[in-house]
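Here the structure is laid out as structure tokens; the discussion comes afterwards.
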Amino acid sequence: MKRMTGTAKNNHLISRWRCPSNIALVKYWGKHDFQKPMNPSLSFVLQNAFTETSVELHKDGDQKLEFFFEGVVSDFGERIEKYLDHLTTRLPWINKYNFRIYSRNSFPHSAGIASSASSFGALALCLTEIDFTFLGKDINSQGFWLMASDLSRIGSGSSCRSMYPGFALWGKTHLFESSGDEYAIPLTEGFQPVFSGLRDAILLVDSGIKEVSSSAGHQLMNDHIFQHSRIAQAHENINELYLALLTGNQKKFIEVVESEALSLHAMMMTSNPWFILMKPNSLEIINRIRRFREKTSIPLCFTMDAGPNIHLLYFSENESDVKAFIERELLAFCKNGHWIDDRIGNGPERITDGQ
Ligand code: DP6
């Protein structure tokens, strides 16, 4: 069979995309309605942490979905089957075909990087390309990215922010008329160049099983005692962070980013039931980052997802000092001395034949 990317032939159609993971600076925590965020969030995409997915539609046999993760049949297939089922009203052609999906990550599963963002991002890009191909629509249009973002959100909320180069914003805010709860929008205009040199050293404190799934965690915000103040804080932090990005205010950037990471963990510590997802080594790293900043005045800060790993954010001009600091002071607190060297990235890429 000849592989035809994005083209229907002999009832076979293949689409292949690479989609990055992203790290939130203002955190999404809590949902309303179906997969809509309680508050707006703002993130940037990574360069080296990505998923590559190929979706092939065919009419051979009667197995609806074959899903291979890194060459082997994977449990994640069940989540994808539910996802495809859910999308049939929007993409009626799903009912007419069987699916063969291959996926691989650029990072090891144990790396503690949220793989659902890049996985659903890549899958949604493939589905959107196929839909555009069926409808004869141009994939080089803004509508393509908005639809891919919307479809990926249905699979995993944070993945909808992985669709653009650099920074993205998801959730309705009065700052941007074009913002919405269904999709993320790109944020590129007017940011100071220092932020295009943003680096992310992912310090792997623990790569074990998650103590609480993100969907269970989000649910705990439904009747959280601090729900209203958290929503207000996130809106305020979006405003402040956006202003810091426009004006090049690194001090404000650091203040907002760390406050968001700690608020996310504070929400988990004060929900019912509560969760403490930081480990002693996470705290040690946080304290050392703060001391190093105070001593050297180098602008660096930390953020975290709903887990114990630390994302140490810094700027390219301080690369050698920060890397020396990581090696000298932080690696001792990482599991097996393991960390990942990443940076702000260029967004998704369509994989063409020969790549
Ligand atoms: C803490 O996107 O994983 O990383 O929508 O249920 O799939 P689901 O949740 P998910 O939540 C991620 C939350 C977070 C913060 C963030 O990325 O904004």
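One-based numbering along the sequence shown. Every value quoted in this text rests on a predicted model; they were computed, and no experiment measured them. Whatever order the structure lists them in is the order used to number ligands and atoms, beginning at 1.
Relative ring orientation between Tyr97 and Phe134 is described as parallel, the plane-to-plane angle staying below 30° on a 0-90° scale split at 30° and 60°. Between Phe167 and Phe195, the ring planes lie perpendicular to each other; the angle is over 60°, past the 30° to 60° tilted range. In this structure, Phe226 and His224 have tilted ring planes: the angle between them lies in the 30° to 60° band. Taking the six-membered ring for Trp and thresholds of 30 and 60 degrees, Phe325 and Phe292 have nearly parallel ring planes, at less than 30 degrees apart.
Contact atoms of ligand 1 toward Ala24: 16 (C), 17 (O), 18 (O) (distance under 4.0 Å to a heavy atom of the residue). Per-residue contacts place Ala306 under 4.0 angstrom from the following atoms of ligand 1 (heavy atoms of the residue considered): 1 (C). Near Lys31, with a cut-off below 4.0 Å to any heavy atom, the atoms of ligand 1 are 5 (O), 6 (O), 8 (P). Heavy-atom proximity to Gly157, at under 4.0 Å, picks out these atoms of ligand 1: 2 (O), 5 (O), 7 (O), 8 (P). Taking every heavy atom of Ser156 and a limit of under 4.0 angstrom, the matching atoms of ligand 1 come to 2 (O), 3 (O), 5 (O), 7 (O), 8 (P), 10 (P). Ligand 1 places these atoms under 4.0 Å from at least one heavy atom of Asp305: 4 (O).
Salt bridge present: Glu294 and Arg290 bring a charged side-chain N and a carboxylate O closer than 4.0 Å. At a threshold of 4.0 Å, the pair Lys27-Glu260 does not count as salt-bridged, since none of the basic side-chain nitrogens sits closer than that to a carboxylate oxygen.
Both the backbone and the side chain of Ser158 come within 4.0 Å of ligand 1, counting heavy atoms alone. The residue Arg153 has no part lying near ligand 1, judged by heavy-atom distances below 4.0 Å.
Remark: among candidates Arg161, Gln35, Lys27, the nearest residue to atom 17 (O) of ligand 1 is Arg161, based on non-hydrogen atoms.
Counting only distance, with no hydrogens or angles, the side chain of Gln35 and the backbone of Arg153 share a donor-acceptor pair below 3.5 Å.
In terms of polar-atom proximity, defined here as any N/O pair under 3.5 Å, Ser214 does make such a contact with ligand 1.
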